[in-house]
Amino acid sequence: MTILTETAEKIKNMEIRGAGRIARAAALALKEEATSIDTDDIGEFNRRMNDAYETLYNTRPTAVSLPNALRLVMRYRAATVEDARKAIISNADNFISNSQNAVKKIGQIGAKRIKDGDTILTHCNSSAAAAIVEAAFKQGKNINVIATETRPRQQGYVTVDIMQKIGVPTTLILDSAVRYFMKDVDIVVVGADAITVNGSLINKVGTSQIALAAHEARVNLIVAAETYKFSPKTLLGDLVEIEERDPSEVLSPEMHIKWPGLIVRNPAFDVTPHQYIDLIITELGAIPPEMAFWVITEKLGLELEDSATNIK
Ligand SMILES: O=P(O)(O)OC[C@H]1O[C@H](OP(=O)(O)O)[C@H](O)[C@@H]1O
């Protein structure tokens, strides 16, 4: 197994997960592939890099950070294999370090929205959302986190683990207990797998129910999202595909056999309309969801140009 196929497999089975981590792992896999292709023929090199792009692209459909990262790394024009290799390596290194810096900046900017004494509810596991909590805690704010379990993959445990290591007092709750606890919550902070041109959020399934409960209780909901989580293709009229994962994540095959004909659905994400989002914290600053169009056209302009010509 090459690093490329291993990375693709790990993204599919969610050993590598979280929109930002998926993007960085894909960038690294393209870099490794570019380094290891043994040819002097630029045509063959380009073909094999395109195959690598396709393999990674076809792993999970929803997190737009993946195609955005792939396009950024693959943006090269070169007459020789040596130049192509250099360009891909430098693009991948830049993407990875920009992505890591973006998460840190989001932490610093988002922490200003957290007040001393706040109880923060978060869903699933988002490194960008966790960066906000960590920065606020390191500023000496006395805060608590409520983490949802996040059925069926229990990414809430990853959040709990991070919070325990940092030392933030944390309460784990069932996803279905969110409305029950909303009266104790001061702010909801979640991550993003994609943000559409109208500022709506695609994130772990259950986020939209949390947003409704927060709205009802007049609790602010903020989204932590690097600009490469904004979806250029939504500007072209496309919808973001919602990944539907295997039913066995929800119900064991042994149980399923007992009820032949039972339909089990397992969408991994849902859509939270922009009306329920107070702010999106990006590395460029805290912006209202209505500015998604600006991020896509002004900041991801080149990706848009690519997506217009480039199918994906
Ligand atoms: O990039 P960061 O902020 O880490 O994560 C962003 C989002 O990615 C995750 O998806 P999954 O667990 O891969 O399905 C969650 O939906 C999370 O909110």
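Quantities reported herein were computed from a predicted structural model and do not represent experimental measurements. Order of listing sets the numbers, starting from 1, for every ligand and every atom in it.
D40 CG: 12 or fewer foreign heavy atoms inside a 6.0 Å radius.
Partners of Y276 by ring pair (Phe, Tyr, Trp, His ring centres under 6.0 Å), not counting sequence neighbours, listed by chain and number: H215.
Checked by atom type, the side-chain pair D270/S208 shows a donor-acceptor distance below 3.5 Å.
A salt bridge does not link R47 with E44: every distance from a Lys NZ or Arg NE/NH1/NH2 to an Asp or Glu carboxylate oxygen is 4.0 Å or more. Salt-bridge annotation for D118 and K115: present, with a side-chain N of the basic residue lying under 4.0 Å from a carboxylate O of the acidic one.
Relative to the ring axis of F230, K299 does not place its NZ or CZ within 45° and under 6.0 Å from the centre.
For a heavy-atom separation below 4.0 Å, the residues in contact with ligand 1 are M14, R17, G18, A19, G20, R60, C124, N125, S126, S127, A128, Q155, G191, A192, D193, N203, K204, K229, F269.
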